[in-house]
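Side chains included, hydrogens not; waters and symmetry mates left out as well; all remaining heavy atoms used. Within every chain, numbering begins at 1; the chains are lettered A, B, ... in the order of the sequence lines, protein sequences first and strands thereafter.
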There are 2 protein chains.
Amino acid sequence: MSLQSSSLTKIIEEYIDRLLEENQAGEVSLRRKDLAEKFGCVPSQINYVLRSRFAPENGFLVESQRGGHGYIKIIQLTFSNCDEEVVHLSDLVGNAITEQEARKLLVNLQNREMTTPRERLIIEVALRNQDENGRSLFDVSPYRRDLMRAELLKKILTSLSLG
Amino acid sequence: MSLQSSSLTKIIEEYIDRLLEENQAGEVSLRRKDLAEKFGCVPSQINYVLRSRFAPENGFLVESQRGGHGYIKIIQLTFSNCDEEVVHLSDLVGNAITEQEARKLLVNLQNREMTTPRERLIIEVALRNQDENGRSLFDVSPYRRDLMRAELLKKILTSLSLG
DNA sequence: CTGTCCTTGACTTATACTGACCAAAACTAT
DNA sequence: ATAGTTTTGGTCAGTATAAGTCAAGGACAG
């Protein structure tokens, strides 16, 4: 709510959103160079927009190719299994969550058929991997690992629009 | 803001894909010279297409013979079981993998219907999260992030073979 | 004043395509 | 048989193009 609301990033974000709405397929292809030119900025500004607004944790996939005939493709994954009544899972996760609590939550999600067994597996692998790295590589305290676990879990849930 | 023209490579790729679909055997033979002529390019362009689109990591084998009655044969691989495929994939990931390479591999997996879009999304969130943490929290060097990325990716791929 | 978000540009990496030169298989005339 | 010719495909390096990365600095809310 300031001049920020008219920031270039926001303008470009809205432009891409509009393209996504128009293209019914939920995806759109564009040229980084052209976009940058259209909005009078450097090309890397586009990367910033993609990174900060169209990230996987926001439910987007971005594919791109460099070189001749290069492009950037933005894909919006929209999932309608997000029941309005469902509590906000991110609230359940909170700032910190133990390994046990996380696992219980994931079992729950699978029982409610909000994730497939394969999806749950991937999530568990990712969580455990982070945990191990934190413990053995970076000497992260147990509580801080709970914080990081919560962060990762929330990002994933958000990406699946289960947030 | 639509893309200019489809690249020659893509056009030739699609042509070969079509031939593969028509010939149910999962393989097709052709003449490099004829193909080049058909698409109005130099013969080595065909090699480029084969190298970049019909490589083993895309699930293809290419055999060829020079000289009179020479030919190029493109064979679509099918793995008898998931484990084999995962071993193959883990080899492709190797010890280190860049963000770009990882993304390409994931796109590939999805195109071959070995993962769903949702699964891919979760994986990308996990990779990206690890990257962010490595960069901003633990000051991990770019190359070491490539190592860690490869580790995580392999763990996930392996887990999927069991699911 | 401070931390966060935004913006920029120099530098790096990846892809498409071409053409000159190389290698091998088959044919042909001795 | 053998050597030379013809017919194919392979390789590699160069050129053009386009996207990615990173870090330094700017703008702004609190």
Side-chain angles (χ1 to χ4, degrees), chain A residues 1-14 29-55 58 62-74, chain B residues 1 3-14 29-55 57-58 62-74 96-105 107-108 124 127-128 131-132 134-137 139-146 149:
Chain A
M1 338 276 83
S2 62
L3 296 184
Q4 286 295 350
S5 61
S6 60
S7 76
L8 232 191
T9 295
K10 202 157 222 166
I11 292 170
I12 296 172
E13 176 190 8
E14 280 161 7
S29 288
L30 42 84
R31 293 248 158 125
R32 189 180 78 150
K33 212 180 66 171
D34 292 347
L35 247 201
E37 212 167 290
K38 180 183 179 81
F39 291 104
C41 61
V42 295
S44 58
Q45 173 77 27
I46 307 303
N47 294 85
Y48 178 75
V49 175
L50 295 176
R51 204 176 176 71
S52 60
R53 305 294 204 267
F54 297 91
N58 297 321
V62 174
E63 298 172 12
S64 67
Q65 188 168 82
R66 307 186 188 184
H69 300 96
Y71 63 85
I72 293 178
K73 186 155 120 186
I74 301 159
Chain B
M1 186 138 308
L3 293 181
Q4 310 259 25
S5 57
S6 213
S7 74
L8 228 193
T9 296
K10 196 169 171 189
I11 292 171
I12 297 172
E13 176 192 7
E14 282 164 2
S29 289
L30 41 82
R31 291 258 159 115
R32 188 179 80 148
K33 212 181 72 172
D34 292 348
L35 247 201
E37 212 167 291
K38 179 182 180 80
F39 291 104
C41 61
V42 295
S44 59
Q45 172 75 26
I46 307 302
N47 295 86
Y48 177 74
V49 175
L50 295 177
R51 194 160 24 94
S52 61
R53 304 294 201 267
F54 295 92
E57 57 262 44
N58 299 313
V62 174
E63 296 171 7
S64 66
Q65 190 165 79
R66 309 183 186 186
H69 308 303
Y71 63 86
I72 292 178
K73 187 154 116 185
I74 300 161
I97 190 170
T98 66
E99 204 176 328
Q100 290 297 309
E101 292 168 333
R103 194 171 304 153
K104 206 159 67 173
L105 189 140
V107 170
N108 225 296
E124 297 228 22
L127 289 176
R128 186 180 151 99
D131 228 50
E132 282 290 322
R135 178 165 29 205
S136 60
L137 256 43
D139 198 36
V140 177
S141 75
Y143 179 65
R144 189 131 168 264
R145 292 206 297 271
D146 289 351
R149 190 180 299 111

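Dashed line: the shortest gap from a side-chain N or O of B:Arg145 to OP1 or OP2 of D:dT21 is not under 4.0 Å. Close to D:dC22, at under 4.0 Å from its OP1 or OP2, lies a side-chain N or O of B:Arg135. Residue B:Arg53 places at least one side-chain N or O under 4.0 Å from the OP1 or OP2 atom of C:dA16. Residue B:Thr9 has no polar side-chain atom (N or O) positioned under 4.0 Å from OP1 or OP2 of C:dT15. Between D:dG10 and B:Ser64, a contact under 4.0 Å exists linking OP1 or OP2 to a side-chain N or O. Residue B:Ser52 places no side-chain N or O under 4.0 Å from the OP1 or OP2 atom of C:dT15. Contact annotation: A:His69 side-chain N/O to C:dC17 OP1/OP2 distance is under 4.0 Å.
As rounded to whole Å, 14 Å separates atom P of C:dT15 from atom CZ of A:Arg32. We find that CG of B:Leu50 is positioned 14 Å from C1' of C:dC17, with the value rounded to whole Å. Distance B:Phe39 CZ to C:dA16 P: 16 Å, rounded to the nearest Å. Summarising the geometry, the separation between CG on B:Asn47 and C1' on C:dA16 is reported as 14 Å, rounded to the nearest angstrom. In this structure, the CD atom of A:Glu63 is 12 Å from the P atom of D:dG20, given to the nearest Å. To the nearest angstrom, C1' of C:dT8 lies 13 Å from OH of A:Tyr48. Put simply, CZ on B:Arg128 is 13 Å from P on D:dG20, counting in whole angstrom units. Remark: P of C:dT13 and CD of B:Glu99 are 14 Å apart, rounded to the nearest angstrom.
In terms of modelled atom types and a separation under 3.5 Å, the side chain of B:Arg149 and the main chain of B:Leu127 share no donor-acceptor contact.
Shown here are the ring-ring contact (aromatic ring centres under 6.0 Å, His included) partners of B:Tyr48, two or more places apart in sequence or in another chain: there are none. Residues passing the salt bridge (Lys or Arg N to Asp or Glu O under 4.0 Å) test with B:Arg103 are B:Glu99, B:Glu124, sequence neighbours excluded. Take B:Arg135 and apply the salt bridge (Lys or Arg N to Asp or Glu O under 4.0 Å) test, not counting sequence neighbours, and it matches B:Asp131, B:Glu132. Residues meeting the salt bridge (Lys or Arg N to Asp or Glu O under 4.0 Å) test with A:Arg53, sequence neighbours left out: A:Glu13.
The listed nucleotides are C:dT15, C:dC17, D:dA19; the one nearest the side chain of A:Gln65 is C:dT15. Nearest to the side-chain atoms of A:Leu8 among the listed nucleotides C:dT7, C:dT18, D:dT21 stands C:dT7. Proximity note for B:Pro142 (side chain, C-beta onward) versus C:dC17, D:dC22, C:dT7: the nearest is D:dC22. Taking every side-chain heavy atom of B:Arg31 into account, D:dT8 is the closest of D:dA19, C:dA26, D:dT8. Between C:dA26, D:dT11, C:dT8, one nucleotide has an atom nearer to the side chain of A:Val42 than all others, and that is C:dT8.
From A:Ile46, atom CD1 reaches atom NZ of A:Lys33 across 13.0 Å, with rounding to the nearest 0.5 Å.
Summary of helix geometry: the two end axes of the helix from C:dC1-D:dG30 to C:dT30-D:dA1, each defined by five base pairs via their C1' atoms, are inclined to each other by 20° (rounded to 10°).
Looking at heavy-atom distances under 4.0 Å, B:Lys104 makes contact with sugar-phosphate atoms alone, never a base.
Along DNA chain C, the nucleotide closest to B:Gly40 and the one closest to B:Gln100 are compared, and the more 5′ of them pairs with B:Gln100.
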*Quick one: do A:Lys10 and A:Glu14 satisfy side chain to side chain contact (heavy atoms under 4.5 Å, CB included)? Show the steps, please.*
CA-CA 6 Å; A:Lys10 202 157 222 166; A:Glu14 280 161 7; 3.8 Å; yes

*Which is it for B:Asn47 and B:Ile72 under the side chain to side chain contact (heavy atoms under 4.5 Å, CB included) test, yes or no, and what are the steps along the way?*
CA-CA 10 Å; B:Asn47 295 86; B:Ile72 292 178; 5.5 Å; no

Set out, line by line, the N/O atom pairs under 3.5 Å between protein and nucleotides 20-23 of chain C.
| unit_1 | atom_1 | unit_2 | atom_2 | d |
| --- | --- | --- | --- | --- |
| C:dA23 | O4' | B:Arg66 | NH1 | 2.7 |
| C:dA23 | N3 | B:Arg66 | NH1 | 3.0 |

